[in-house]
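Structure first, commentary second.
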2 protein chains.
Amino acid sequence: MADYDTEEEFLKHYNVRQYDLPLATVDMAIFTVQDQQLQVLLVKRALHPAKGQWALPGGFIDMKKDQSLSDTAYRKLKEKTGVDTPYLEQVATFGNASRDPRGWSLTVSYFALISSDQTTLSMDSRSEEVAWVPVTQVGELELAFDHEQILQACHERLRAKVQYTSVPVNLMPEVFTLVELQKTFEIILGSPIEKKSFRRRIADADILEETGEMKSGPSRPAKLYRVKNKGENYFFTRLMEGAR
Amino acid sequence: MADYDTEEEFLKHYNVRQYDLPLATVDMAIFTVQDQQLQVLLVKRALHPAKGQWALPGGFIDMKKDQSLSDTAYRKLKEKTGVDTPYLEQVATFGNASRDPRGWSLTVSYFALISSDQTTLSMDSRSEEVAWVPVTQVGELELAFDHEQILQACHERLRAKVQYTSVPVNLMPEVFTLVELQKTFEIILGSPIEKKSFRRRIADADILEETGEMKSGPSRPAKLYRVKNKGENYFFTRLMEGAR
DNA sequence: AGAATAGTGTCTGTTAGACATTATGCT
DNA sequence: AGCATAATGTCTAACAGACACTATTCT
């Protein structure tokens, strides 16, 4: 390659198109808790490659529409679910020569948490089928590409975080009871949590505020809470239950 | 885009070159502890863009040489340091339209840990200058692109991990004493650690074995240890010191 | 009143921090 | 012997787990 005196000169002669570049996509595991299960959003691919197979929602970075990687993630999320204020976290990037039949490709994975009451699934432009699938049942589906591995990485990250952060509050609706919150934590953790321990942690974290309302049912009503500072999440100094 | 009956048919007509793709690179923070400081390897860029500026070692994914993303990372590490068995961990991927003047670009960042006794810096093919710089002094250097932000992310990840994993053992030479190991932990943590607590943790983790040798000095000699299972690292259930 | 669920009190076990004490080699 | 540093003993504080107990509403 020729060298140039100034960067300006260099850039004038620079043409990206002359290089072989890997395909770059963003894929997401969008989680919600519904029917007492952790569910993930999947789409049935309408186009080649892996046409007809279930896959994580995602797609190419659109260099016109997206200013940054997370823009791509937000755009995809909005397209599939209509939700635009999820909890979003980048998980890992998978890239190699063989994961996509079109050639060397790389995908940046994110997971998103949304509350089940926000979700109204939308058929997207390419009229793909879209569905919530319990993560425990994804194994039966033979996901496209390496999406099973990607989902596993996202799921593992979420399960790790339930043990030492308040992140799962992002799966809750606007207001909720402590029992409901605990149930959500337990569903992600996959095992029951001792009630007093759980409440102590949540109280110490100081992340909730009472709404003043109560949720009544067939027995003693429960206080309703909302998240104090949405988007902030609390890190505990010790792991909870099932640790190690 | 036309549709095809079979994936084979689709792939026959598929040409990556017809798409605009972001530039894809790998950048690394290669850490070592030397002179009682955490140091990071930097290179002075020999070519545009950002010619003459210090930067993290890294570069384009070579779709011929590299089978996967981590191959690119290992290749870069080997080129700069000659080391081929580091501790390597992917940190995050940064991608946006403005971080590189050549256009929309994305970089996958890794950090590597190597022991200072393995390092023999090598000028690479493009005869870049290569140097170890204490992380505390990087601020004075005005790194190229967004490399300061990338370095910060890598540094933060390492500092977080010193609090709850045994990862820093990967900065040690083949054999070492517990006092030396503690010193390394303290350098990364940035604050002193109580000796007994530290030794209890290390003993509980059961990651070291005695070599049988002693390191003698001007006073009582210390037992020498080596890592039991290189590559494995231990996760503690509670954070150490300085937490929160 | 009794059922059912919400919410609290309190004991135990584990482990990190503090700091005193002992151990061992050198000059 | 005395110094310097390695290694250990032991007390305390913080917090998670266990589980019994109390509180409040409904039927």
Side-chain angles (χ1 to χ4, degrees), chain A residues 36 160-166 168 172 175-186 189-225 234-244, chain B residues 36 160-166 168 172 175-186 189-225 234-244:
Chain A
Q36 306 283 26
K161 284 213 158 176
V162 74
Q163 292 184 354
Y164 66 94
T165 74
S166 64
M172 304 306 291
V175 298
F176 51 87
T177 69
L178 289 179
V179 171
E180 290 163 352
L181 183 62
Q182 180 174 341
K183 194 72 204 143
T184 295
F185 273 67
E186 289 172 333
L189 186 61
S191 62
I193 299 170
E194 212 294 314
K195 179 156 61 167
K196 189 62 197 291
S197 304
F198 179 77
R199 286 170 180 241
R200 246 189 328 230
R201 276 170 88 88
I202 296 299
D204 291 349
D206 190 33
I207 51 172
L208 302 184
E209 60 187 10
E210 299 183 11
T211 64
E213 309 287 300
M214 303 290 273
K215 170 162 184 167
S216 32
S219 73
R220 177 174 173 176
K223 282 184 182 168
L224 283 167
Y225 293 84
Y234 187 86
F235 285 72
F236 299 94
T237 57
R238 303 193 190 175
L239 296 184
M240 182 174 58
E241 185 95 334
R244 198 108 57 95
Chain B
Q36 307 282 30
K161 283 212 159 178
V162 74
Q163 292 183 351
Y164 65 94
T165 74
S166 62
M172 304 307 289
V175 298
F176 51 86
T177 69
L178 289 179
V179 171
E180 289 164 352
L181 183 63
Q182 182 175 338
K183 194 73 206 144
T184 296
F185 272 69
E186 288 172 336
L189 187 61
S191 62
I193 299 169
E194 213 294 312
K195 179 153 65 164
K196 190 62 197 291
S197 304
F198 180 76
R199 285 171 180 241
R200 246 188 331 229
R201 276 169 89 87
I202 297 299
D204 290 350
D206 190 33
I207 52 172
L208 303 184
E209 59 187 9
E210 300 183 11
T211 64
E213 309 286 301
M214 304 290 275
K215 169 162 186 169
S216 33
S219 74
R220 175 174 176 177
K223 282 183 182 170
L224 283 167
Y225 294 84
Y234 187 86
F235 285 71
F236 299 94
T237 56
R238 300 194 191 173
L239 295 186
M240 181 173 60
E241 185 94 331
R244 197 110 59 94

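In what follows, chains are A, B, ... by sequence order, proteins preceding strands, each numbered from 1. Everything numeric here is computed off the predicted structure, so don't read it as measured data.
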### Footprint string (nucleotides 19-27 of chain D, 5' to 3'): B base within contact, S backbone only, - free, heavy atoms under 4.0 Å
B---BBBS-
### Message
It should be established whether Arg201(A) places a side-chain nitrogen or oxygen under 4.0 Å from OP1 or OP2 of nucleotide dC15(D).
### Response
no
### Task
Taking all non-hydrogen atoms of both residues into account, name the closest pair between Ser166(B) and Tyr234(B) and its distance.
OG-N, 2.8 Å
### Query
Between atom CG in Asp204(B) and atom P in dG17(C), what is the gap in whole Å?
13 Å
### Query
Between Glu194(A) (side chain) and Lys196(A) (backbone), is there a donor-acceptor pair under 3.5 Å?
yes
### Query
Can you tell me how far P of dG17(C) sits from CZ of Phe236(B), to the nearest Å?
11 Å
### Message
How about NZ on Lys161(B), more than 12 heavy atoms from neighbouring residues, nucleotides or ligands closer than 6.0 Å, or not?
### Response
yes
### Message
If you define the side chain from C-beta out and look only at heavy atoms, does anything of Leu189(A) sit under 4.5 Å from Gln163(A)?
### Response
yes
### Query
Atom CZ of Phe198(B) and atom P of dA18(C): how far apart are they, to the nearest Å?
16 Å
### Query
Donor-acceptor pair, Gln182(A) side chain versus Ile193(A) backbone, under 3.5 Å?
yes
### Query
Is a donor-acceptor contact shorter than 3.5 angstrom present between the side chain of Arg238(A) and the base of dG17(D)?
no
### Message
Just the rounded figure in Å: distance from C1' of dA18(C) to CD1 of Ile193(B).
### Response
15 Å
### Query
Rounding to a whole Å, what distance do you find between Glu210(B):CD and dA6(D):C1'?
13 Å
### Query
Starting at CG of Leu239(B) and ending at P of dC15(D), how long is that distance when rounded to a whole Å?
12 Å
### Task
Return the orientation label for the Tyr164(B) and Phe235(B) ring planes: parallel under 30°, perpendicular over 60°, tilted otherwise.
tilted
### Query
Is there a donor on the side chain of Arg200(B) or the base of dG17(C) sitting less than 3.5 Å from an acceptor on the other?
yes
### Summary
Between NZ of Lys215(A) and C1' of dG7(C) the distance, given in whole Å, is 17 Å
## Note on the structure
note: Arg199(B), atom CZ; dT10(D), atom P; distance rounded to Å ~ 18 Å
#### Entry: Any side-chain heavy-atom pair of Met172(A) and Tyr225(A) under 4.5 Å
no
